[in-house]
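To keep things clear, I will list the structure first and then write my remarks on it.
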Amino acid sequence: MRKKDWAFYLFAALFIFAGQFLAHRDLVTGTPPPITQTTLNGEAALKNLGSRPGLIYFWAEWCGVCRSMQNSVTQVGKDHPLATVAIRSGDDAKLESYLREKNLTWPVVNDNGGDIGQRYGVKAVPALFFTDRSGDIVFATAGYTSEWGIRSRLWLASWF
């Protein structure tokens with residue numbers, strides 16, 4: 001491989017890692033900031049977290065990457081506690097219509113103003129927060145994550 005090729009690939013890798021660093025640097029860990037809003041069904045947002053490893057998933061109706069993760073999140077939610085927060089996705093009626101259209105039965109908090117996302121340090125969606133048995137956030141990531149990637153982090157969270 002020529003020096004120019006190496007330089008290009010090195011620059012590309014640095015650019016990608018820098019972007020990942022910027023997207024992840026403010027994501028909270030430890031005790032999750034409280035979510036006082038209830039889900040669209042009127043339940044406490046984080047009520048299911050804390051008994052075993054779980055997932056807090058920030059997403060948006062307009063996010064293409066989030067749409068590509070919907071099935072993975074649904075499948076993981078069958079086996080693990082799940083809380084979801086829809087950021088800047090419209091009013092409750094619009095959000096409920098979207099959930100019906102996509103056949104999603106997730107517990108969803110509508111964060112139309114983005115305030116909850118700010119408290120969690122979310123700068124990009126999707127963002128995932130992995131909790132341990134005590135409900136503390138032990139891992140956080142932003143961007144596409146496969147079902148295998150979600151499950152492996154939840155498995156790791158079971159060791160905390």
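Fair warning: this is a prediction, and the values are worked out from it, not measured in the lab.
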State, yes or no, whether a side-chain contact exists between [X] and [Y] at a heavy-atom distance under 4.5 Å.
X	Y	answer
T38	V109	no
Y120	L27	no
P126	Y144	no
H80	L55	no
T39	V108	no
R151	D79	yes
S89	N112	no
F130	P53	no

One pair to check against side chain to side chain contact (heavy atoms under 4.5 Å, CB included): E147 and I150. What are the steps and the verdict? CA-CA 5 Å; E147 181 178 348; I150 296 170; 5.5 Å; no

Below 4.0 angstrom, N of the basic side chain to O of the carboxylate: do D132 and R52 qualify? no

Indicate yes or no: does R88 engage D111 in a salt bridge with an N to O separation below 4.0 Å. no

Treating [X] as the side-chain partner and [Y] as the backbone partner, does any N or O pair qualify as donor plus acceptor under 3.5 Å?
X	Y	value
S152	G149	yes
T131	G54	yes
R119	P32	no
S72	Q70	no

Centroid-centroid under 6.0 Å between W106 and W59 rings: yes

Can you check whether F58 and F129 have ring centres sitting under 6.0 Å from each other? yes

Tell me, yes or no, whether the heavy-atom count around D91 atom CG, taken from other residues, nucleotides or ligands under 6.0 Å, exceeds 12. yes

In Å, rounded to the nearest 0.5 Å, how long is the span from [atom1] of [X] to [atom2] of [Y]?
X	Y	atom1	atom2	result
T145	L128	OG1	CG	5.0 Å
T74	M69	OG1	CE	10.5 Å
L82	T84	CG	OG1	6.0 Å
W62	I87	CH2	CD1	8.0 Å
I116	I35	CD1	CD1	5.0 Å
R100	T105	CZ	OG1	13.5 Å

According to a 4.5 Å side-chain heavy-atom criterion applied to Ile, Leu, Val, Met, Phe, Trp and Tyr, with indirect links allowed, do W155 and W148 form part of one hydrophobic cluster? no

How close do V138 and A157 get, heavy atom to heavy atom, and via which atoms? CG2-CB, 3.7 Å

If you compare all heavy atoms of A124 against all heavy atoms of A142, which two are closest, and at what distance to 0.1 Å? O-CB, 4.2 Å

Any residue meeting side-chain hydrogen bond (donor to acceptor under 3.5 Å, both in side chains) with N110, in chain and number order, not counting sequence neighbours: D92

